[in-house]
Every structure is written in structure tokens, then in C-alpha cells.
Amino acid sequence: MKNYFYGKLKSCGLVLVLCVSNLFFNVCFSQPFYLPTPNTEIFNWRNPEKYYVPTPGKNWESGTFGCVRSDGYQMHEGIDIKCVQRDKMGHPVDPIYATADGVVVYINNKPSLSNYGRYIVIRHVIDGIEIYSLYAHLSKVSDTLKEGTPVKAGDIIGIMGTTANTRQKISLERAHLHFELNLFINDKFSWWFKARYPNERNDHGVWNGLNLFGIDPRLLFITQQKQGKQFNLVNFIKNQNELCAVFVRKTDFSYLKRYFALVEKNPLVEKEGVAGYEISLNYNGLPIKLIPRAPSETKGFASVQLLRVNPEEQKNNPARRLILHNSSGWQLSNTGLSLIELLTY
Ligand SMILES: [Zn+2]
């Protein structure tokens with residue numbers, strides 16, 4: 001009997017060990033997103049500094065997603081995940097894993113061309129949502145990968161590094177994976193960019209950071225862990241706080257088709273037809289919900305109208321400066337208008 005319980009205890013111990021491994025989170029719950037490195041401290045509430053790498057002289061929060069840079073006025077669109085494996089010279093050697101099943105869509109093997117350094121983008125479709133994971137500052141991309149290669153969640157796709165073309169280099173001490181989860185804004189990005197910034201270079205085509213809008217990976221992993229099998233990416237995106245809602249008098253743009261899962265039903269448009277879309281944006285400018293509006297539900301003739309604003313959300317997350325308040329009330333800023341222009345281009 002004693003032995004039986006000892007055996008039970010031993011297997012509990014084994015389960016505990018597995019608990020802190022990627023395997024447990026991902027295999028036991030068959031959850032869509034794997035942690036992208038061997039570092040599993042993302043769920044360690046007491047020591048977040050074991051997971052996030054801060055910017056020099058700042059605290060761990062500067063390595064998280066959101067308005068965490070330059071005193072809250074600069075966005076960081078990913079998370080900076082701490083290195084846990086080094087060689088004798090102190091270089092990072094953590095393997096980088098594909099966060100979910102998908103297809104490689106972009107590899108930048110020329111670190112000098114990007115502040116992401118050497119990076120990979122993988123396309124996934126989860127709960128009907130196209131989502132793009134991005135892995136930056138790599139020292140190496142796995143030899144077998146090229147654009148179009150299918151990958152499985154947990155496959156090794158590269159090795160952590162410190163590559164970047166920024167003037168301030170990433171020190172060995174700060175070695176990290178910059179990891180993003182993005183939604184894709186517009187297929188016509190390259191044309192839009194050329195029209196808007198005729199004198200600027202775009203080395204990365206539609207994989208330019210301006211065309212990829214991040215969601216918070218930390219919040220996603222924590223929600224996924226909390227909700228287990230109930231986790232659903234569509235709900236996760238739709239449930240983000242709204243910063244503002246905008247009406248656009250357009251009925252045909254690529255985001256509508258790509259993110260059909262985020263488009264709500266409106267019985268009135270079945271009778272009257274669609275005049276345009278009411279688009280909810282989160283503080284990062286990500287369209288989180290779209291509602292078709294019938295002509296009788298719209299006012300005026302303006303092609304873009306700001307419908308409502310959540311001032312608290314703007315106060316807490318000011319970095320993107322999508323809206324501004326002046327003597328005539330809240331308005332879309334030039335950045336906000338430019339975002340809508342790109343979205344509906
Ligand atoms: Zn980063």
C-alpha cells in the first residue's frame with residue numbers, strides 16, 4: 001500500500017515537472033499556441049523578470065507588449081523573451097519553436113535590413129482567424145525552412161540571437177526573442193505605401209511592420225491557460241477593450257474577407273443593403289469587430305466618421321495617438337486617419 005502511494009506521489013512529481021514544461025500546456029490541453037522558446041516562466045507571477053527582458057535601465061514591464069516604452073508614449077508590439085540557454089561564450093542558443101501549425105511566409109536573412117534583424121513570419125489559421133507569428137533577432141534560421149514550408153507547432157525554426165540593424169546593438173546580456181502575434185491589414189499594402197511615402201524604401205513588401213498589427217501575446221497565453229479548451233481566438237480578439245469606433249463608407253476591403261469571423265450580423269442590412277462598416281479599434285489600432293450598417297443607420301455623408309471614444313482606454317494606452325481631443329471634442333488624428341486609409345485602401 002505504502003509503495004502504491006509512493007508510486008502515486010512519484011507520478012504526481014512527474015506531473016509537476018511536466019506542468020512547467022511546454023509539453024504540458026500544449027499537449028494536455030491541445031491548445032493552439034505553444035510557447036515559442038524553452039522559457040516557461042511566463043506563468044510565474046512572482047518573478048516576471050525571469051521571462052521578460054527590459055530595455056536598458058528599465059523594469060521588466062518594458063519587455064512586455066503595449067505602451068511600455070518612452071514613459072508609455074511608444075508601443076512595443078511584441079514581447080521580449082529572456083534567453084535560458086547559452087554556449088560557453090555566453091551566446092544565446094535557445095531553440096525557437098513555431099507557436100502553432102502554419103506555413104512560413106517570410107524569412108529575412110539579411111539582418112542589416114531590419115530592426116528585427118534576422119526574422120521569420122509564419123501564417124496560421126486558428127478558429128477561422130489568420131494570424132501571423134513573428135520571431136526576431138535570430139542568429140540562425142533552420143536550414144530546411146523557406147517561404148512556403150509548412151511547420152507544426154513546436155517545430156524548431158531557428159536559434160535565438162541578437163541581430164538587429166539598430167544603432168544601439170542588443171547586448172549578449174539582453175539576448176531575447178522578440179515575439180509577435182499579428183493580424184494582417186491589407187494585401188494592397190505595397191501600393192498604399194508607395195502612394196503615401198513615395199521617397200521611402202520598403203524592403204519587406206506586405207511584411208512591413210506597418211501592415212501587421214500586434215495583439216498581446218502575454219494576455220493570449222494567460223487567457224489560453226485560464227480558459228483551457230474554451231479558449232477561442234475570435235472571442236479573444238473581439239473581447240479586447242475598444243478604444244474607439246469609426247464608421248467608414250466603404251463596403252469592399254480585404255480585411256472584411258480575411259477577417260470575416262470578426263464581422264457581426266445585422267438583420268437590417270439584409271433588407272436595406274450595406275452603406276458601410278462600423279469598425280471597433282483597440283488601442284493599438286487593431287480592428288477587433290466590424291458591423292455592417294444599413295443606409296438608414298448612418299448620418300451625413302462623410303466617408304470616415306468617429307462614432308465614439310473610450311477616454312479611459314486612451315488615457316491608459318496613449319502611445320498610438322490614434323485619436324486626439326481639442327476644442328471641438330474628440331477627433332481621429334492624422335495617424336488614425338492614415339490607419340483607416342490603409343485598412344480600406
Ligand atoms: Zn522587442
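Each ligand, and each atom within it, is numbered from 1 in the order the structure gives.
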| task | Check side chain to side chain contact (heavy atoms under 4.5 Å, CB included) between T55 and all other residues, then give those that pass, not counting sequence neighbours. | result | K58, S62, R69, R174

| request: Indicate if the distance from the Zn ion (ligand 1) to the nearest N, O or S atom of E77 falls below 2.8 Å. | output: no

| message | Looking only at N, O or S atoms in D80, which is nearest to the Zn ion (ligand 1)? | response | OD1

| task | Using modelled atom types only, decide if a donor and an acceptor are shared between the side chain of R118 and the backbone of G161 within a distance under 3.5 Å. | result | no

| Taking all atoms of both residues into account, what is the closest heavy-atom pair of F193 and E200, and its distance? | CE2-O, 3.7 Å

| message | At less than 2.8 Å, would any N/O/S atom of H137, backbone or side chain, sit next to the Zn ion (ligand 1)? | response | no

| task | Decide yes or no on salt bridge (Lys or Arg N to Asp or Glu O under 4.0 Å) for E264 and K238, but give the supporting numbers first. | result | CA-CA 10 Å; E264 306 267 285; K238 278 187 176 174; 2.7 Å; yes

| field | ILVMFWY cluster, I131 and I96 together (side-chain gap under 4.5 Å) | value | yes

| said: Under 2.8 Å from the Zn ion (ligand 1), can any N, O or S atom of H176 be found? | reply: no

| note | With rounding to 10 degrees, H76 NE2, the Zn ion (ligand 1) and H178 ND1 define an angle of 100°

